[in-house]
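Order of the sequence lines fixes the chain letters, A, B, ..., with proteins taken first and strands second; residue numbering starts at 1 for each chain.
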Protein chains: 4
Amino acid sequence: MMAGEIAIERRRQILDGAVRVFARQGFHATRVSDIADQADVAYGLVYHYFQSKEKVLDEIFTERWSLLLEAIDAARDSDLAPREKLGTVAGFIIDSYRFDPELMKVIIVEVTRAANSFGRTHLDEIDDAYRRIAEIVSEGQEVGVFRADVDPYVASMSFYGVIEQVLTGWIFGLFPAADEDFDNARDLVVGLVCRGIDSEPETG
Amino acid sequence: MMAGEIAIERRRQILDGAVRVFARQGFHATRVSDIADQADVAYGLVYHYFQSKEKVLDEIFTERWSLLLEAIDAARDSDLAPREKLGTVAGFIIDSYRFDPELMKVIIVEVTRAANSFGRTHLDEIDDAYRRIAEIVSEGQEVGVFRADVDPYVASMSFYGVIEQVLTGWIFGLFPAADEDFDNARDLVVGLVCRGIDSEPETG
Amino acid sequence: MMAGEIAIERRRQILDGAVRVFARQGFHATRVSDIADQADVAYGLVYHYFQSKEKVLDEIFTERWSLLLEAIDAARDSDLAPREKLGTVAGFIIDSYRFDPELMKVIIVEVTRAANSFGRTHLDEIDDAYRRIAEIVSEGQEVGVFRADVDPYVASMSFYGVIEQVLTGWIFGLFPAADEDFDNARDLVVGLVCRGIDSEPETG
Amino acid sequence: MMAGEIAIERRRQILDGAVRVFARQGFHATRVSDIADQADVAYGLVYHYFQSKEKVLDEIFTERWSLLLEAIDAARDSDLAPREKLGTVAGFIIDSYRFDPELMKVIIVEVTRAANSFGRTHLDEIDDAYRRIAEIVSEGQEVGVFRADVDPYVASMSFYGVIEQVLTGWIFGLFPAADEDFDNARDLVVGLVCRGIDSEPETG
DNA sequence: TATGAATGAGTTTTCATTCAT
DNA sequence: AATGAATGAAAACTCATTCAT
């Protein structure tokens, strides 16, 4: 193993440690020394790899958020039906939480919902996701499966808002978080956003 | 005017000043001296009326949130149809933002979406709102206007999540916030949550 | 009862309240509001009667210490034998503690033993007591009942040091403080200072 | 020189600086910045090495007091006569003052005589000294050189009280503090405590 | 006299960041 | 790369004192 690889490993160690303490204590309440302790790394090394505590969170966020953007792109560009595309996106986010709840907690709590700090900093990236999801909605409207009288961007925001609220429920412990709950969540969210909660109009 | 009334006025002054600076800078970035300056009051007076900076925010939140809880109760106990009840609740929240955006920004950004700090502290009060809204959904299910296959609590969370996301859009400047936008928002949210974004199935 | 008398009563109330809180918490740890609360008097009234928190303690000390000076004078000028005079002084101090332990605790802990604060302020008054006691010792030397090779001032300091240490033992709870202990203390102190702890040399 | 040694040096620097400012201004009147300035060290370094200002004083006291306890033990366990043992103890304390008056001033003024703050905190350690000295007195009673009718613990307290009062005289500038005074003080104290101030009974 | 609201200087403590090794 | 000691700015909070009523 070469020196460069070790360095990469150390960065990882620090990022992973930071995720754990940020998830547990929140960004503001964690000291740089907490990150170093959790990562099992010397205090000063955090500053060797990162310019500041904020940059650590920035990287945590961007690393993950870019995967989300890719996932949305992939869904959008796929051959699936619009509703399935939304399902894919919802599934990706829900699985992200399912398999790394600490990371997603940090991203949601410390960034996307932190309008006064990191939310503002990363607003463009966050908005980017809304816009790409909106493109899926637009397509659905063009092919006639989604109503044309809803602004696609608003629909996108709402869709994302529902997903985040569900994750928030898990984060806060308001919802049960068993395997089956995760399994159902995707369809539940998509069903809710697409069909609403009204009972079906009598047909025929 | 009596001494007691002056004291009440001073509390108000401090609370109002705090809302303004919290909205502008965020809770963590505002110093107690900022509150005092904004409220045009001596530094120490903040501590005369409040035990700590946190207690100021606590009171700001609780004061407003209790109004929301009352509004939900009033809607729930009214003679309106379930969907109208949801509309009333959505309208109340949207109007709260419309007529005091700084206050609502503080409540959402610093409390309901701050899972690591005040969100946790006020979780019971927040959850209380979800539960009361869920009761409206339950009623709708009982009378058959809402689908029975959606958990009322999940539906309530989603409903609230959509509203908060819309407010977040305004807060971030992602949505236009003209009078007509506020006028439409209520029906838009309710329409979205109730009917979803699917185009109407062909009837007949 | 006239206005002047009420004023005197209020001063007393404040002084007495101050003694209780000073004894319990120490001078530094007691706030002016504690004094007011304990005295059952409005906050600002403390400042109506006293220039500052320090002046309250000054008066507490001086009021009592002047009694001690008078008692020493009375003993010194009496017809008693020198050893009896010392016994009278010791008895006065011990009884002062016996019948008002809080007051004496404050005087000792906050003034006579507080070399960096009030001890320095009241050094002349404290030293005055040492000098007057020394006069008793001098007289004893002149009439031949006390050894001439001990500096009277040093003897006086030692005598006072022993008494204060005994009071300190009570204050700290290191000594039992039953009635009989107080009864014995006077003779014990005088016996110790006069005869020492050596066993009697064999005579004859 | 290694890093560890430097760290130890810095602690020393801070402790020594603290002794000087505590002696000059008293614990309450010295700010942490005074300690840092006096120690010629950055502000934050005080907190790097000590949890709080109080812990600095705690360490100053305990470091020195443990030497005293050792000295008492050594005297008690020596082959000297009881009276000589007391002389050794008195000599140790007096020399402690003679060669480091600032340190002893801090210990006496801020700890052993501060019944409302550090005296209480360190009561066990202080009492430990009294008890060990009392063992010397007990031994003297057993071998018949000290009177049996004096409680050894009370005698110990008195002995210590006399020494402290003498040091207090020096601290306050009430006693001359030339070399000869220090030379004499030890015998003076022991003579006083052992033989008292009474003139010798006529023998023969 | 009496009240207690108002003032603001003063101090501890924290902790992100730097830097010498 | 790695370490952790050193730095010092920043902020919350306290509380003696003043003052308007």
Side-chain angles (χ1 to χ4, degrees), chain A residues 3-4 6-7 9-11 14 28-37 41-56, chain B residues 1-4 6-11 13-14 28-36 41-56, chain C residues 3-4 6-7 9-11 28-37 41-56, chain D residues 1-4 6-11 13-14 28-36 41-55:
Chain A
I6 292 174
E9 255 179 43
R10 295 297 209 180
R11 276 188 84 83
I14 293 167
H28 275 103
T30 93
R31 293 162 304 188
V32 175
S33 68
D34 293 332
I35 299 175
D37 288 350
V41 135
Y43 193 104
L45 205 59
V46 176
Y47 281 91
H48 186 77
Y49 286 105
F50 300 91
Q51 284 172 45
S52 69
K53 194 175 79 160
E54 306 213 343
K55 292 287 183 188
V56 177
Chain B
M1 191 183 290
M2 294 181 308
I6 291 173
I8 289 169
E9 255 179 45
R10 295 297 209 179
R11 275 188 86 85
Q13 240 176 293
I14 292 168
H28 276 103
T30 95
R31 291 160 299 174
V32 175
S33 67
D34 293 332
I35 298 175
V41 137
Y43 191 98
L45 204 61
V46 176
Y47 284 93
H48 185 78
Y49 286 105
F50 300 91
Q51 285 171 44
S52 68
K53 195 175 77 159
E54 307 215 342
K55 292 285 184 189
V56 177
Chain C
I6 292 174
E9 256 179 43
R10 294 297 209 180
R11 276 188 83 85
H28 275 103
T30 94
R31 293 162 302 190
V32 175
S33 67
D34 293 332
I35 299 175
D37 289 350
V41 137
Y43 192 105
L45 206 61
V46 176
Y47 282 91
H48 186 77
Y49 286 105
F50 299 92
Q51 284 172 45
S52 68
K53 194 175 79 158
E54 306 214 341
K55 292 287 184 187
V56 177
Chain D
M1 190 182 290
M2 295 180 308
I6 291 173
I8 289 168
E9 256 178 43
R10 296 297 209 177
R11 275 187 86 85
Q13 239 175 294
I14 293 167
H28 276 103
T30 95
R31 293 159 298 173
V32 175
S33 68
D34 292 332
I35 298 175
V41 136
Y43 194 102
L45 203 62
V46 176
Y47 284 94
H48 185 78
Y49 286 106
F50 300 92
Q51 285 171 43
S52 68
K53 194 175 77 160
E54 308 215 340
K55 292 287 184 188

Atom-pair distance ([atom1] on [X]; [atom2] on [N]), nearest Å:
| X | N | atom1 | atom2 | value |
| --- | --- | --- | --- | --- |
| C/Leu45 | F/dT17 | CG | C1' | 15 Å |
| A/Ile35 | E/dT17 | CD1 | P | 10 Å |
| B/Phe50 | F/dT14 | CZ | P | 15 Å |
| B/Gln51 | F/dC15 | CD | C1' | 16 Å |
| C/Arg31 | E/dG4 | CZ | C1' | 15 Å |
| C/Lys53 | F/dT18 | NZ | C1' | 17 Å |
| A/Arg11 | F/dA2 | CZ | P | 12 Å |
| C/His48 | E/dG4 | NE2 | P | 15 Å |

Taking a pair as Watson-Crick (N1 to N3 plus N6-O4 or O6-N4) or G-U wobble (N1-O2 and O6-N3), both under 3.5 Å, which stems of 3 or more consecutive pairs involve DNA chain F? E:2-21 with F:2-21
Please determine whether any donor N or O and acceptor N or O are separated by less than 3.5 Å between the side chain of A/Tyr43 and the base of E/dT17. yes
Any donor-acceptor pair under 3.5 Å between the side chain of A/Tyr47 and the base of F/dT3? no
Within less than 4.0 Å of OP1 or OP2 of E/dA2, is there a side-chain N or O belonging to C/Arg10? yes
Quick check on DNA chain E: between D/Gly44 and D/Ala29, whose nearest nucleotide comes earlier from the 5' end? D/Ala29
By nearest-heavy-atom nucleotide on DNA chain E, the more 5' of B/Val41 and C/Ala42 is C/Ala42
Residue whose closest nucleotide on DNA chain F lies nearer the 5' end, C/His28 versus A/Val46: A/Val46
Minimal non-hydrogen separation, A/Ala36 against A/Val46, with atom names: CB-CG2, 4.1 Å
Considering every strand and a 4.0 Å limit on heavy-atom distances, what is the contact class for C/Ser52: base, sugar-phosphate, or nothing? sugar-phosphate
Taking the six-membered ring of D/Tyr43, is NZ or CZ of D/Arg31 closer than 6.0 Å to its centre and within 45° of its axis? no
